[in-house]
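Any value given below was found using the heavy atoms of this structure, including those in side chains, with hydrogens, waters and symmetry copies removed. In what follows, every chain begins at residue 1, and chains take the letters A, B, ... in the order their sequences are listed.
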Number of protein chains: 2
Amino acid sequence: MISDGWRTASLLALASPGGRRALSARRFDTRGPTRDVTTDNARLPTLEDVARLAGVSRATVSRVINGIRNVNPELHEVVWNAVNATGYVANRAARSLVTRRTGTIALVVSDSESHDDDPFMSRFFSDPFFGRVVGGLMSALRPAGIQLALQLVGADQARGQLVGDLRQGQADGSVVLSLHPGDTLPQLLADAGLAGVVIGRPARPVPISHVDVANDRGAALAAEHLVSRGRRRVGMITGPIDVPASVDRSAGFRAAMARLGQSFVPSVIGNFTHESGERGMRELLADNPDLDGVFVANDLMAQGGLAALHELGRRVPDEIAVVGFDDSSAALAARPQLTTVRQPLEDMAAEAARLLMAHIDNPGRETAAVVFEPTLVVRASS
Amino acid sequence: MISDGWRTASLLALASPGGRRALSARRFDTRGPTRDVTTDNARLPTLEDVARLAGVSRATVSRVINGIRNVNPELHEVVWNAVNATGYVANRAARSLVTRRTGTIALVVSDSESHDDDPFMSRFFSDPFFGRVVGGLMSALRPAGIQLALQLVGADQARGQLVGDLRQGQADGSVVLSLHPGDTLPQLLADAGLAGVVIGRPARPVPISHVDVANDRGAALAAEHLVSRGRRRVGMITGPIDVPASVDRSAGFRAAMARLGQSFVPSVIGNFTHESGERGMRELLADNPDLDGVFVANDLMAQGGLAALHELGRRVPDEIAVVGFDDSSAALAARPQLTTVRQPLEDMAAEAARLLMAHIDNPGRETAAVVFEPTLVVRASS
DNA sequence: CTCGATTCGGAGAGCGCTCTCCAAGGGAGT
DNA sequence: ACTCCCTTGGAGAGCGCTCTCCGAATCGAG
C-alpha cells in the first residue's frame, strides 16, 4: 500500500532542515512581532511530523503512542522509530483539551487559619513531613506521567477560588494536606464532586477518601515498648483534644497501658508545641514525681519535655524514659535522641496518589479509608 | 461531503439549550462506560456560552476577558455580566494550546547524586528552607495566575528527561534549586534555551539568571557581631571548599576579621553535617584552646559544635560565642539557641519568580544576577 | 454631501491531539 | 467460490481558545 518511494520521500523531506524551517517561519510571520522568531526556529515535532516520517496517519501514531488497540507490530516499530528520530513528545495542552484530563494533580496544603505567613510555613515545612509526602506522591505519580502542582490555601476566600479553579480543570484531582482539624476543604471538595483524597482522617466524617496511620496502634507500640523497658509508672502528654490524630493516640495509649496492667495514666494536655511540652512535663512531674516513663503525643513536645527534664536534673532514660511520635527532625535534634513512633508517610502518600488516580479513572468509585501501621524507632531516650 | 442539512441541524441544535444538552449527552454516551455521565451533566460554560448570553461573538468575549484592544465600554460590562452569570472560567488547556504558554512554572529540586531517597529528602526538606522558597515563589506567582509544579530530579538520566518535558512545554520555565555544587542542570537548561532561574550561584559560570544572598556580607555581619561582643580570638568552621556559598562565607569572614583587626582566623573544614561540626569544634579547640568566638558556616554544624562545647565543659556564650548561618530549624533547636545569619529567602524566591516571568515574556532578555543582603539574628549563643 | 480615516466586532482558521466512523483487506465458514 | 466478519489504518470532526483578517459603522474634513 505504502510505496517505498513515498516513504523515502517523506524521510528526505524531514531530513532537510530548509523545508521545515521555511514552513515554520511562515507560520510565525503571521503571529506578529510579539513572538521572537529566534526562539521558535526549533519548532517542536508534532504528531503530524511523526506520522509523515513513519508514513502513516496521525491516528495510527496516536494509537501506537497511547498503546491502544490493534496496530500491526511492524508498523508499531516503524512508528516508534519515527518518534525517537524526531524526539517527539506529546503536547500536553492539546491532549488535555480533548481528553479533558490535565495529567496534573494538585497537592493542596490547607491552613484554615493562616495568620501571617510565618506560622503556616514553619509549622508545616519545618520538618521532613512535607518532603516525605512529596516523595511518596512522586513515586506513585511519576510512573503514571502525572504532574504535581502545589497549591497553598490559607484564607477561606482562597478556598472557594481553589474549588473553582479545580472544577475548571486546573487539576484532575487533589491530595489534601490539612493543617487544621475541621478544615472545611474536604467537605467543599466532596460537595463539588471533585476527586480528592485527604491525608489524615478528617475531624468530621466527610464523604471523601482518606489515608491515615493507625494512631492508636502507634500509641500502643509506645506503651508496649515502655513496659518492656520495665517502666511501671507511665504518664502522658497529649495533643489538643480536637485533633483526631491526637485523640486516637491518647485513647490508644490508655487502652494499651490498661491491657498491660497500668489502669490509670496521668496526663496533661499540650498543643503540639515545644513550649507546651516543656510546660506539660513540669506539670506532669509536679503532680506525679515518681513517673519513670512518659509518652508524648508528638516529637516537638517530647523535645520540650526533654529540655524540662534536663533542667529538673532527671536523667533520661535512666530515671525516666521518653517516647515521642512522628519521627520528625526534632526527634534527631533532641538530646538524647528520641525514641519515637514513625508513620509510613511515603507509603501513605503513594497510596493517596493511587487512590486518587482510581477516583479519577472511575468517578463513581466509592470512597475508601486506608489505614497504615506505624513502627517504633528506638533511640536513646528510652 | 457533509450535507448542509446536517450542518444546519446541528447549528439549530446548538442554538437551543435543550438541543445542546441532548448533543452533549449523546457525545458522552459514545465515550463508553468509563465516563460517568452524572459527573458531566454540569458541563462547564465555554466562551461560546458566554458570547451567546452576552449577544456577542466569541472574539469579543475573548478580547474583554484578556483586556486587550478596543471594546466598547458598554459591551464590556455586558460581557462581564455574562461571565459572572455563567461562572465562566477559561479553559487552561485550550488557551495553552494556542498561546503556547502553560501558565505553569516548574520548581525543580535537583540532586546530582541521589543515593537512596533518604539523604535527598532529609537534607532538603528537613528545614524551613523549602517552605520559605515555596512561599516566596507563590507570593509572586499567584497574582500572575501562574501555577507551581514540583519536579524532583535525581539521577542524570532523569535530568535529560526533564529537559525534554520542559522543552515540550510542561512548563514555561523553571526555578532551579540545586542541592549539589556543579550540578549540570543549569547548563542543560541554558543549552536548551529554556527559561530558567537558579536560586544560589552555580559553581561554574552558566549563562542563566540567578538570585543569591551575599554570603560574604553575611559572614561579615557575623564577624562584626562577634567583635562587637568583645571577642578577640575568633575561629571558624567552614563548609566544603567546592561549594560557592561556602567559599564566599569563608572569604567574607576572613576579610571582615582582618578589617576588624584580627589578621589570622584559625579554621577547620567541615562538610555541613552535624557530626562534622562536632568534630570540627574539637579540632579547632585542640589547636587553639584560647578561642572566645567561633563562626560556623551553617547551623547544623554549629549545633554540632555547641554539643561538643557542652561536652568539653565550655560555657556558651560566656567563655565562647558561636554564630551560625542559615537560620534553619537547627538554630532554634540548638541549646543555647543560635545566633545566625538569615537569608531573605522569601524575597529571593519571589525575585526568582519575577525574573523568570520576565525571561518568559521576553526570551531575548539577558541574564541577570540579583544578590540579596542577609541579616543577623541574634540569639543566646553569642 | 461625499470620501477617506478610523474604530469596532464578527467570521473563521487554526493550535495539536484523540477517537469515531468508515473503508479496505484478509481469513474462515458455508 | 462467495459471503461475512474481523482486523487494521485513514479521514476528519471536533476539544475551547486566540487572533488575524475583513466588513460595517461612525466620524470628521473637504
Student: So which of residues 76-93 of chain B are in contact with DNA chain D, with a heavy-atom cut-off of under 4.0 Å?
Tutor: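 Nucleic-acid contacts, sorted: B/Tyr88, B/Ala90, B/Asn91.
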Student: Please determine, by modelled atom types, if B/Asp172 and B/Thr102 share a side-chain donor-acceptor pair under 3.5 angstrom.
Tutor: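 Distance-only check passes for B/Asp172 and B/Thr102.
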Student: Would you say A/Ser110 and A/Asp183 are linked by a side-chain donor-acceptor pair, where the criterion is simply a distance under 3.5 Å?
Tutor: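 Yes - a donor-acceptor pair under 3.5 Å links their side chains.
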Student: Quick check on side-chain hydrogen bond (donor to acceptor under 3.5 Å, both in side chains): which of A/Glu366, A/Arg365, A/His359 does A/Ser209 satisfy it with?
Tutor: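 The side-chain hydrogen bond (donor to acceptor under 3.5 Å, both in side chains) with A/Ser209 is passed solely by A/His359 among A/Glu366, A/Arg365, A/His359.
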Student: Compare side-chain N and O positions of B/Ser57 against OP1 and OP2 of C/dG10 and report whether any pair is under 4.0 Å apart.
Tutor: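 B/Ser57 to C/dG10 OP1/OP2: side-chain N or O found under 4.0 Å.
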Student: Can you tell which of C/dT18, C/dG14, C/dG10 lies closest to the side chain of B/Val56?
Tutor: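 For B/Val56, the side-chain atoms sit closest to C/dG10.
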Student: How many Å lie between CZ on A/Arg63 and C1' on C/dC21, as a whole number?
Tutor: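 A/Arg63 atom CZ is separated from C/dC21 atom C1' by 11 Å.
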Student: Which heavy atom of A/Val64 sits nearest a heavy atom of A/Trp80, and at what distance?
Tutor: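 Scanning both residues completely, I find the closest heavy atoms to be CG1-NE1, 3.5 Å.
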Student: Counting N and O atoms only, with roles assigned by atom type, does the side chain of A/Thr99 sit under 3.5 Å from a partner on the main chain of A/Arg95, one being a donor and the other an acceptor?
Tutor: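 A pair under 3.5 Å: yes.
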Student: Think B/Thr60 has a side-chain N or O under 4.0 angstrom from the OP1 or OP2 of C/dG10?
Tutor: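 Answer is yes, contact under 4.0 Å.
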Student: Specify the separation, in whole Å, of atom CZ of B/Arg101 and atom P of D/dC17.
Tutor: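 Computing the B/Arg101:CZ to D/dC17:P distance gives 19 Å.
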Student: Between D/dG9, C/dC17, C/dG9, which nucleotide has the shortest distance from any of its atoms to the side chain of A/Ala94?
Tutor: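 The nucleotide sitting nearest to the side chain is C/dC17.
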Student: At less than 4.0 Å, is any side-chain N or O atom of B/Ser62 found next to OP1 or OP2 of D/dT18? Yes or no.
Tutor: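 It does, given that an N or O in the side chain of B/Ser62 lies less than 4.0 Å from OP1 or OP2 of D/dT18.
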Student: Expressed as a whole number of angstroms, how long is the span from A/Asp49:CG to C/dG16:P?
Tutor: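 Interatomic distance, CG of A/Asp49 to P of C/dG16: 9 Å.
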Student: Does this structure show an ion pair linking B/Arg58 with B/Asp49, if we count only N-O contacts that are shorter than 4.0 Å?
Tutor: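 Answer for the salt bridge query: no.
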Student: Could you state the CZ-P distance from A/Arg95 to D/dC17, rounded to the nearest angstrom?
Tutor: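 Between P of D/dC17 and CZ of A/Arg95: 21 Å.
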Student: Give the table of side-chain donor-acceptor pairs shorter than 3.5 Å for residues 186-195 of chain A, with sequence neighbours excluded, one pair per line with atom names and distance.
Tutor:
from     : atom 1 : to       : atom 2 : distance (Å)
A/Gln187 : NE2    : A/Asp191 : OD1    : 3.0

Student: Nearest-Å distance, CG (B/Leu44) to P (D/dG16)?
Tutor: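 Atom CG in B/Leu44 sits about 9 Å away from atom P in D/dG16.
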Student: Take the protein atom CZ of A/Arg58 and the nucleotide atom C1' of D/dG12, then report the distance between them rounded to whole Å.
Tutor: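 Going from A/Arg58 (CZ) to D/dG12 (C1'), I get 8 Å.
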Student: B/Arg100 has an atom CZ; how far is it from atom P of D/dT18, in whole Å?
Tutor: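 Going from B/Arg100 (CZ) to D/dT18 (P), I get 15 Å.
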Student: Would you kindly compare A/Ala59 and B/Leu97 by the position of their nearest DNA chain C nucleotide and give the one closer to the 5′ end?
Tutor: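 Closer to the 5' end of DNA chain C: B/Leu97.
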Student: Using every non-hydrogen atom in the two residues, find where B/His210 and B/Val197 come nearest and quote the distance to one decimal.
Tutor: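 Closest approach of B/His210 to B/Val197: CA-CG1, 4.2 Å.
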Student: Roughly how bent is the helix from C/dC1-D/dG30 to C/dT30-D/dA1 end to end, in steps of 10 degrees, with each end axis from five pairs?
Tutor: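 Nearest ten degrees gives 50° for this helix.
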Student: Could you tell me how far apart A/Glu48 (CD) and C/dC15 (P) are, to the nearest whole angstrom?
Tutor: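 After rounding, the gap between these two atoms is 10 Å.
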Student: Out of B/Val79, B/Asn66, B/Val78, which residue meets the side-chain contact (heavy atoms from CB on, under 4.5 Å) rule with B/Val61?
Tutor: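 So, applying the side-chain contact (heavy atoms from CB on, under 4.5 Å) to B/Val61 and each of B/Val79, B/Asn66, B/Val78, only B/Val79 qualifies.
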